[in-house]
Asker: 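Just dropping this structure here.
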Amino acid sequence: MTDILKHCTLCPRECGVNRYETRGFCGEGAAVRIARAELHMWEEPCISGSRGAGTVFFSGCDLRCCFCQNYEISHLGKGFEVSTGELCDAFLRLRDMGAHNIDLVNPTHFLPQITEALDRLDGSLGIPVVYNSGGYDKPESLELTRGRISIFLPDLKYLDSGMAARYSGAKDYPERAFAAIHKMFELVGRPVIGGDGLMKSGVIVRHLILPNHRQDSIALIKRLREEFDPGDILVSLMSQYTPIYRAGEFHEIDRRLSTFEYRTVAEVLEQSGFDGYVQQKTSASEEFIPKFYGEKY
Ligand code: SF4
């Protein structure tokens, strides 16, 4: 499966490079690099539960979001190499610490290697695996997750391609992300929440409202509603935008969200009929950004 990396077209960038010899747009070669593997309480309640999600943060990224909270690892290369065996050990350690699931954060560009690790564990994990991506995924690559991943947690960042180009360097993001979400839905179906309140399978689409762009958020929710029935997916509306990293270069997004912006988008989501989560604006803070590691710890 890792043969794909010899001419990498895993994500929509389709660099075509040999990742055993060099790195593509994502900044990563064939070796898996991670920057943190710990319990995490800040995902949606049905993912974090009472004990936490077992998050593994992968280094590199196929997007270049100027407001990325995890820019140290996604853009600046922080992280350390792990072998397939070490990745398996990290999953098992998190499971043994009580994690409700294994939460793969930004796994897109390491999908073949992650697949290999999951296959080595051969179902012995006993907890769901969550694919927590930026939404810039290819349906063909997502096919690799069939039978291995049961929960998808993709971002859906923009509907407007101009915004996608300006803030993430990916003009085709909107169409790519919608296609990816359709594939994710085809793979795992409607949400299943257990009696314990934890998600067992399904798709949660996350949308972060950006300042001065509430109209795009509203249009995005409406398009999502045109393409999915309310029971098909959950929607998680996030209002914790913090102008971080390079966001200051774009004056229109160089501030927090206003209560008016947040409320108007939340109302549209409520009217859409989608179930899900609306994060309170009060949780907007850099304190929620976890500590990342540049070497094994
Ligand atoms: S995963 Fe990385 S190397 Fe492969 S196509 Fe995407 S950006 Fe390029």
Side-chain angles (χ1 to χ4, degrees), residues 1-36 55-84 87 102-119 129-146 148-149 152-158 161 163-184 187 245-246 292 294:
M1 219 174 289
T2 44
D3 269 6
I4 300 169
L5 303 175
K6 289 183 182 160
H7 180 79
C8 189
T9 54
L10 266 180
C11 83
R13 299 283 175 193
E14 298 187 335
C15 305
V17 298
N18 182 348
R19 286 176 56 185
Y20 289 94
E21 294 173 355
T22 186
R23 294 163 186 236
F25 183 94
C26 58
E28 297 300 317
V32 174
R33 294 194 319 120
I34 67 172
R36 183 180 174 88
T55 47
V56 179
F57 287 85
F58 291 92
S59 303
C61 190
D62 62 351
L63 289 169
R64 283 291 177 272
C65 306
C66 61
F67 50 84
C68 181
Q69 292 201 333
N70 299 341
Y71 67 93
E72 277 183 281
I73 61 170
S74 56
H75 300 179
L76 304 185
K78 199 166 186 176
F80 53 89
E81 265 186 45
V82 286
S83 65
T84 306
L87 191 57
I102 298 301
D103 180 18
L104 309 168
V105 182
N106 207 3
T108 304
H109 47 292
F110 288 126
L111 195 45
Q113 300 96 318
I114 292 168
T115 301
E116 197 173 290
L118 292 174
D119 287 355
V129 182
V130 183
Y131 187 92
N132 180 344
S133 81
Y136 200 48
D137 290 283
K138 279 172 61 177
E140 307 90 295
S141 301
L142 289 170
E143 186 59 36
L144 287 175
T145 69
R146 189 180 288 277
R148 300 178 172 102
I149 304 275
F152 287 97
L153 193 49
D155 290 336
L156 183 56
K157 296 173 189 285
Y158 327 95
S161 58
M163 284 173 68
R166 183 169 168 82
Y167 304 135
S168 295
K171 191 177 174 204
D172 61 348
Y173 176 88
E175 297 314 314
R176 295 288 196 167
F178 270 95
I181 292 166
H182 276 286
K183 179 67 183 181
M184 292 170 185
L187 285 163
Y245 188 40
R246 291 178 43 236
F292 297 120

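In each ligand, atom 1 is the first atom listed, and ligand 1 is the first ligand listed. A quick note: this is a predicted structure, and the numbers were derived from the prediction, not measured.
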Asker: Taking only Lys NZ, Arg NE, NH1 and NH2, and the carboxylate oxygens of Asp or Glu, determine whether E140 and K183 approach each other closer than 4.0 Å.
Answerer: no
Asker: Tell me, which protein residue and heavy-atom name are nearest atom 7 (S) of ligand 1, and how many Å apart are they?
Answerer: C26 N, 3.3 Å
Asker: Any chance the rings of Y245 and F67 have centres within less than 6.0 Å?
Answerer: no
Asker: Counting only heavy atoms closer than 4.0 Å, does ligand 1 sit against the backbone of R19, its side chain, both, or neither?
Answerer: side chain
Asker: Does Y20 offer a backbone N or O that forms a donor-acceptor pair with the side chain of R23 under 3.5 Å?
Answerer: no
Asker: If you draw the axis of the six-membered ring of F25, does the NZ or CZ of R13 fall within 45° of it and under 6.0 Å from the ring centre?
Answerer: yes
Asker: Any N/O/S of H109 under 2.8 Å from atom 4 (Fe) of ligand 1?
Answerer: no
Asker: In the protein, which heavy atom is nearest to atom 8 (Fe) of ligand 1, and how far is it?
Answerer: C15 SG, 2.3 Å
Asker: For atom 4 (Fe) of ligand 1, find the nearest protein heavy atom and state the residue, atom name and distance (0.1 Å precision).
Answerer: C8 SG, 2.2 Å
Asker: Can a salt bridge be assigned to the pair K138 and E14 using a cut-off of 4.0 Å between side-chain N and carboxylate O?
Answerer: yes
Asker: If only atom types and distance count, is the side chain of D137 paired as donor or acceptor with the main-chain N or O of A177 below 3.5 Å?
Answerer: no
Asker: Using a strict cut-off of 4.0 Å, indicate which atoms of ligand 1 neighbour a heavy atom of R13.
Answerer: 7 (S)
Asker: Distance to 0.1 Å, residue and atom name: give those for the protein heavy atom nearest to atom 6 (Fe) of ligand 1.
Answerer: C11 SG, 2.3 Å
Asker: In ligand 1, which numbered atoms sit nearer than 4.0 Å to a non-hydrogen atom of E14?
Answerer: 5 (S)
